[in-house]
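Letters A, B, ... are given to chains in the order of the sequence lines, protein chains preceding strands, and every chain is numbered from 1. This one's a predicted model, so the numbers in the text were calculated from it and none came from an experiment. Atoms considered below: every heavy atom in the structure, side chains included; atoms not considered: hydrogens, waters and symmetry mates.
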Amino acid sequence: MLCYIGLALLNGGCIASSRVINGRLGMSTGPLRASLYNHLIGFGFLALLMLLGQLVMSWMSGGTTLNSLSQAPAVSYLGGVLGALFVAINSFVLPRIGVLRTTVLVIGGQMLAGVILDAGGESSGMLWKLAGVGLIVMGVYLSRKSSTGSQIREIDRHDEIKSKSAATNGR
Amino acid sequence: MVKISGDWVLALGAGVLLAVMININSQLAEFSSPVVASWVAHGVGGLAAWGLCLVVGSRKHSVAQRQSRGAAAGRIPFWCYLGGVPGAMTVVLAAVTVNSPLGLSGSLALMLVGQILFGLLCDYFGLFGIPRRKLQWRDAHVSLCTISGAGIIIFS
């Protein structure tokens, strides 16, 4: 159990490190190119994993998973388009407002949209869900208020960048 | 101030995009597997990003470069291109933990906690070449609100 908890926490680290690295790449190449590289590398990496998986699968059962893919509705293929936009926006925003605030806002937007998307279904825990929404809205609101403080830090940051680049130029 | 609010709305909107994307991708995963669905999404997303680069990329690219010349002058370290690897690993790790005693809600909640902890560490130490930021008490309040709110939504 502890091992699974560690894995799930590590997975959160994977999500966040992917976003941070893309944000760093976006600082050099622009967010759109960062999104392009992210998807190309991810595509290649998953292809490798699938090849490995296929080997294991054929050893275990021999079932292929690609065959039924053609039956999926056309719209379900378009998730990647949203993903491309998501990585681009994320890479644009992250170096500007910081990792924590980006993470909190993305989680907030995701949870709020998730509650709305699920609203058509069962309404058993709706009161609890609304309480959760309230807490998230408060967190998002607090993170917005701290933007005045971050403007000062923004200036700090520029100074730091200047001194850093001066240091690298000197080297 | 206006610039900051713009970023704030963008990040919130990105979260909405993410939720809709996960919804669509899980539909595709029903017809294959999480890894195959993510692979297809990465392929389609790569094409979309390439198209975006062609349409607006060249112009925005030069602007971005000019803006960040101080921050990211010189050659780009090679690990900067590897953000897609942990991003793709997410699907595999999620497949493991969702099918464990943690289930979907437990996995989601712990993944959110992991993200926030990692975000705090990155900001504080300036990991991965990201600008360092001092942490404030408000950051702890923001994190607690978000984690507890998300936890209630996930487990209710």
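- Only the side chain of Val92(B) comes within less than 4.5 Å of a heavy atom of chain A; its backbone N, CA, C and O stay farther away.
- Pairing each heavy atom of Leu12(B) with each of Leu105(A), the nearest pair is CD1-O, 3.3 Å.
- The minimum heavy-atom distance between Leu36(A) and Gly46(B), with the atom names listed, is CD1-O, 3.4 Å.
- Evaluated for a side chain to side chain contact (heavy atoms under 4.5 Å, CB included) with Leu9(A), the options Leu110(B), Leu112(B), Thr97(B) yield exactly one hit, Leu110(B).
- Of all the heavy atoms in His42(B) and His39(A), the pair that sits closest is O-CB, 3.5 Å.
- With contacts defined as side-chain heavy-atom distances shorter than 4.5 Å, the pair Leu135(A)/Leu144(B) does not qualify.
- For the residue pair Cys122(B) and Val20(A), the shortest heavy atom distance occurs at SG-CG2, 3.9 Å.
- Using a 4.5 Å cut-off between heavy atoms, Ile154(B) contacts chain A through its side chain alone, with no backbone atom that close.
- Across all their heavy atoms, Ile21(A) and Trp79(B) have their closest contact at CG2-O, 3.5 Å.
- Residue Ile15(A) touches chain B through both its backbone and its side chain, counting heavy-atom pairs closer than 4.5 Å.
- Both the backbone and the side chain of Phe43(A) come within less than 4.5 Å of a heavy atom in chain B.
- For Ile5(A), the parts lying near chain B are the backbone and the side chain together; criterion is any non-hydrogen pair under 4.5 Å.
- Counting heavy atoms from C-beta outward, Asp7(B) and Phe92(A) have side chains that approach closer than 4.5 Å.
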